[in-house]
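Worksheet: the structure to be examined is printed underneath.
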Amino acid sequence: NDISKVIEPVFNKNGGDIYYINISQDDFKLGGSSFAQVLNKIGNEAPNVKDAGYFKNVFNTIQDLIRNEQIVAGHDVASGGLITTLLELCFADTNLGAELDLSALNEKDAFKILFAENAGIVIQAKDESIEKVLTDANIEYHNIGKVTESDTLSVINNAEVFTMTVSRLRDVWYKTSFLLDQK
């Protein structure tokens, strides 16, 4: 309701911690995902939103946090999954990365966490005060890490560690877009 309260999909070097909210409340499933399509598969199970009331509660609470200027960056998790969301949040600036630990999401298969297209959001908070707001609203959230002033996105899930060079992946991302635009 206030067009000046816009949250951009780019991490802020001077912002607070990064949070993940699985709005679907479903397990991480790869059916119907872009990842499955790349493997020339469809899959048998796709994630679904388990509770429309919870979805509405998350939406309204996030809107309140935006109005109160408690969120500095945000992006939905949908097409491409969490990995796409995280990379896109890093692509719009240089020397911007993140160090993330997804172990608390309780999914041993890192590929499911990274590529499942569960309805969800990633937000960067102004500070830790949003944790009380989310807790009071009965919203399950995970503090997954911090923004870094580096060209690296590091993701840990239990014993697995993934390190990606943001600038290299940005070039691949935009090259593909450029080639599609030419056609």
Side-chain angles (χ1 to χ4, degrees), residues 1 5-11 17-67 70-91 98 100-125 130-145 153-162 164 169 173 176-177 180:
N1 61 1
K5 304 276 182 164
V6 175
I7 302 304
E8 295 184 359
V10 57
F11 285 139
D17 290 350
I18 301 165
Y19 294 85
Y20 169 74
I21 300 172
N22 180 354
I23 300 172
S24 73
Q25 295 185 298
D26 201 354
D27 295 332
F28 297 100
K29 300 172 185 169
L30 295 173
S33 67
S34 298
F35 181 72
Q37 291 175 36
V38 167
L39 298 175
N40 203 25
K41 297 184 186 279
I42 297 173
N44 295 321
E45 292 185 84
N48 198 359
V49 173
K50 295 286 189 182
D51 181 348
Y54 182 79
F55 189 100
K56 179 181 177 183
N57 181 40
V58 172
F59 180 86
N60 289 332
T61 302
I62 294 299
Q63 292 301 304
D64 289 342
L65 288 166
I66 291 170
R67 274 190 290 278
Q70 294 300 303
I71 296 177
V72 298
H75 198 301
D76 68 295
V77 177
S79 183
L82 183 58
I83 189 63
T84 302
T85 296
L86 295 168
L87 285 167
E88 287 180 346
L89 282 159
C90 294
F91 282 167
L100 306 169
D101 188 341
L102 306 178
S103 303
L105 277 59
N106 293 321
E107 172 57 60
K108 291 182 182 185
D109 186 340
F111 287 97
K112 284 184 178 178
I113 291 176
L114 294 173
F115 292 99
E117 297 179 1
N118 292 52
I121 57 172
V122 172
I123 55 175
Q124 183 183 14
I130 72 157
E131 292 185 10
K132 180 174 179 359
V133 174
L134 295 172
T135 299
D136 289 350
N138 294 314
I139 295 171
E140 183 181 358
Y141 63 89
H142 299 278
N143 182 330
I144 59 172
L153 177 63
S154 299
V155 179
I156 296 171
N157 185 47
N158 298 307
E160 295 181 287
V161 178
F162 304 94
M164 295 155 263
L169 293 171
W173 183 270
T176 304
S177 296
L180 284 170

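Throughout, numbering of the chain's residues begins at 1 and tracks the sequence.
By the neighbour-count criterion of 12 heavy atoms within 6.0 Å, atom CG of Asp136 is densely surrounded, having more than that number from other residues, nucleotides or ligands. Residue-environment remark: NZ (Lys108) stays at or below the threshold of 12 foreign heavy atoms within 6.0 Å. The number of heavy atoms from other shown groups lying within 6.0 Å of NZ (Lys29) is above 12. A 6.0 Å sphere centred on CD of Gln63 holds more than 12 heavy atoms belonging to other residues, nucleotides or ligands. More than 12 heavy atoms of other residues, nucleotides or ligands shown are found within 6.0 angstrom of CZ on Phe91. Other residues, nucleotides and ligands place no more than 12 heavy atoms under 6.0 Å from the CD1 atom of Ile42.
In this pair, Phe111 and Phe162 present their aromatic rings perpendicular. The plane angle is above 60°, beyond the 30 to 60° band.
Looking at heavy atoms from C-beta onward, Val77 lies out of side-chain contact with Ile121 at the 4.5 angstrom threshold. In this structure, the side chains of Tyr54 and Glu140 come closer than 4.5 Å at one or more pairs of heavy atoms. Considering only heavy atoms from C-beta on, Ile62 comes within 4.5 Å of Ile71 through its side chain. Residues Ile130 and Ile123 meet the side-chain proximity criterion, which asks for heavy atoms closer than 4.5 Å. Annotation: side chain of Leu102 is not in contact with side chain of Tyr20 (no heavy-atom distance under 4.5 Å). Residues Val58 and Leu134 form no side-chain contact, since every pair of their non-hydrogen atoms from C-beta on lies 4.5 Å or further apart. You'll find the side chain of Asn143 reaches within 4.5 Å of the side chain of Glu131, heavy atoms only.
Side chain of Asp51 to main chain of Gly53: a donor-acceptor pair is present (N/O by atom type, distance under 3.5 Å, no hydrogens or angles). Side chain of Asn57 to main chain of Ala137: a donor-acceptor pair is present (N/O by atom type, distance under 3.5 Å, no hydrogens or angles). The main-chain N or O of Asn48 is found under 3.5 Å from a side-chain atom of Asp26 such that the two form a donor-acceptor pair. Judged by distance alone, the side chain of Thr135 and the main-chain N or O of Lys132 form no donor-acceptor pair under 3.5 Å. Between the side chain of Ser24 and the backbone N or O of Val49, no donor-acceptor pair lies under 3.5 Å. A donor-acceptor pair under 3.5 Å is absent between the side-chain atoms of Asp76 and the main chain of Ala119, judged by distance alone.
Across every non-hydrogen atom of Ser34 and Gly80, the tightest pair is OG-N, 3.8 Å. The nearest pair of heavy atoms linking Ala98 to Cys90 is N-SG, 4.5 Å. Heavy-atom minimum distance, Lys50 versus Gln25: CG-O, 3.7 Å. Taking each heavy atom of Leu30 and Ala36 in turn, the nearest pair found is O-CB, 3.5 Å. Nearest heavy-atom pair across Ala73 and Phe11 is CB-CA, 4.1 Å.
Considering Ile83, Leu89, Thr85 as possible partners of Leu87, the one that fulfils the side chain to side chain contact (heavy atoms under 4.5 Å, CB included) test is Ile83. Of the candidates Leu114, Asp109, Asn22, Asn22 is the only one forming a side chain to side chain contact (heavy atoms under 4.5 Å, CB included) with Phe28. Between Ile144 and the choices Asp17, Ile18, Ile156, Val155, the side chain to side chain contact (heavy atoms under 4.5 Å, CB included) rule is met once, by Ile18.
Here the straight-line distance linking atom CD of Glu107 with atom CG of Asn158 works out to 9.5 Å at 0.5 Å rounding. Taking NZ of Lys112 as the reference point, atom CG of Asn118 lies at 11.0 Å (rounded to 0.5 Å). Between Phe55 atom CZ and Ile23 atom CD1 the span is 5.0 Å, to the nearest 0.5 Å. Atom CG of Asn106 is separated from atom CD1 of Ile113 by 8.5 Å, given to the nearest 0.5 angstrom. A distance of 7.5 Å separates OG of Ser154 from CE of Met164, quoted to the nearest 0.5 Å. Atom-to-atom distance recorded for Glu160:CD and Ser103:OG is 9.5 Å, nearest 0.5 angstrom.
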| query | Given Gln124 and Tyr19, is the side-chain hydrogen bond (donor to acceptor under 3.5 Å, both in side chains) satisfied, shown in steps? | reply | CA-CA 6 Å; Gln124 183 183 14; Tyr19 294 85; over 6 Å; no

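Looking only at atom types and distance, the side chain of Ser79 has no donor-acceptor partner in the side chain of Glu117 under 3.5 Å away.
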